[in-house]
Peer 1: 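Quick one: this structure, given as structure tokens, is what I'll be asking you about.
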Amino acid sequence: MNFRKLFVIGAAVAALGVAGASLAQTNAQKSLIDQAKVEGVVGEQADGYLGFRSGSSDSALQEAVRVTNDARRQAYAARAAETGVSTDVAAARMFEALLRARLSRGEWYRNAQGQWVQN
């Protein structure tokens, strides 16, 4: 099997891991995050986690981001163990393979250089 096929299969398996991890968040938390993304308060990051683009005093949103990032961390760790890479590498690969592609027009993401970029 060539590298491209392995990468596609690996990305699909990892996507299932992130999708499963997102079940840790409630529907209300997902809605808070989705709205914060639209408003530009929260964005995806090249490290595979959600980040605050601007400060937020909303404790419910902070908790939603924490819960989501904790679930992602667990999924990335499992993926890393399966593939023999570090959790950080697995997380960054997930951003490149799946999370960045799912960004809606106008949403923000933090690139590997640490700059916030609007999609």
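Here, residue 1 is the first one in the sequence, and each next residue gets the next number.
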Peer 1: Using links of under 4.5 Å between side-chain heavy atoms of ILVMFWY residues, direct or through other members, which residues join Val38 in one cluster?
Peer 2: none
Peer 1: Please name the pair of heavy atoms, one in Ala77 and one in Thr87, separated by the smallest distance, quoted to 0.1 Å.
Peer 2: CA-OG1, 3.6 Å
Peer 1: Could you tell me which residues satisfy side-chain hydrogen bond (donor to acceptor under 3.5 Å, both in side chains) with Asn69, sequence neighbours excluded, listed by chain and number?
Peer 2: none
Peer 1: For the CZ atom of Arg105 and the CG atom of Asn119, what is their distance to the nearest 0.5 Å?
Peer 2: 8.0 Å
Peer 1: With sequence neighbours excluded, what pairs up with Asp34 under the salt bridge (charged side-chain N to carboxylate O under 4.0 Å, His left out) test?
Peer 2: Lys30
Peer 1: Test of understanding: with side-chain contact (heavy atoms from CB on, under 4.5 Å), list the residues that count as partners of Ala60, not counting sequence neighbours.
Peer 2: Leu32, Asp58
Peer 1: I'd like to check Val67 versus Gln29 (side-chain heavy atoms, cut-off strictly below 4.5 Å). Are they in contact?
Peer 2: yes
Peer 1: Please test Glu63 against Arg66 for salt bridge (Lys or Arg N to Asp or Glu O under 4.0 Å), starting from the C-alpha separation and ending with a verdict.
Peer 2: CA-CA 5 Å; Glu63 177 66 7; Arg66 185 195 64 74; 2.6 Å; yes
Peer 1: Would you please name every residue forming a side-chain contact (heavy atoms from CB on, under 4.5 Å) with Ser86, sequence neighbours left out?
Peer 2: Asp88, Val89
Peer 1: Mind checking what makes side-chain contact (heavy atoms from CB on, under 4.5 Å) contact with Glu107, not counting sequence neighbours?
Peer 2: Lys37, Leu103, Ser104
Peer 1: Applying salt bridge (charged side-chain N to carboxylate O under 4.0 Å, His left out), can you list everything that pairs with Arg100, at least two apart in sequence or on another chain?
Peer 2: none
Peer 1: Can you name the salt bridge (charged side-chain N to carboxylate O under 4.0 Å, His left out) partners of Glu39, sequence neighbours left out?
Peer 2: none
Peer 1: Name the orientation class of the two ring planes belonging to Tyr49 and Tyr76 (parallel below 30°, tilted from 30 to 60°, perpendicular beyond 60°).
Peer 2: perpendicular
Peer 1: How close do Ala80 and Val85 get, counting heavy atoms only, and between which atoms?
Peer 2: CB-O, 3.1 Å
Peer 1: Partners of Ala78 by side-chain contact (heavy atoms from CB on, under 4.5 Å), sequence neighbours excluded?
Peer 2: none
Peer 1: Starting from Trp108, can I reach Phe95 by hopping between I/L/V/M/F/W/Y residues whose side chains sit under 4.5 Å apart?
Peer 2: no
Peer 1: Check side-chain hydrogen bond (donor to acceptor under 3.5 Å, both in side chains) between Arg110 and all other residues, then give those that pass, not counting sequence neighbours.
Peer 2: Gln45
Peer 1: For residues 24-45, which residue pairs pass the ring pair (Phe, Tyr, Trp, His ring centres under 6.0 Å) check, not counting sequence neighbours?
Peer 2: none
Peer 1: For the residue pair Leu61 and Gln35, establish whether any side-chain heavy-atom pair is separated by less than 4.5 Å.
Peer 2: no
Peer 1: List the steps, then state whether side-chain contact (heavy atoms from CB on, under 4.5 Å) holds for Arg79 with Glu82.
Peer 2: CA-CA 5 Å; Arg79 178 73 182 136; Glu82 293 170 3; 3.5 Å; yes
Peer 1: Looking at residues at least two apart in the chain, or sitting in another chain, which of them share a side-chain hydrogen bond (donor to acceptor under 3.5 Å, both in side chains) with Arg73?
Peer 2: Asp70
Peer 1: May I have the step-by-step check of side-chain contact (heavy atoms from CB on, under 4.5 Å) for Leu50 and Arg72, ending in yes or no?
Peer 2: CA-CA 9 Å; Leu50 292 171; Arg72 285 184 180 187; 4.0 Å; yes
Peer 1: Would you sort out whether Val41 and Phe52 count as a side-chain contact (heavy atoms from CB on, under 4.5 Å), showing the intermediate values?
Peer 2: CA-CA 6 Å; Val41 175; Phe52 284 93; 4.1 Å; yes
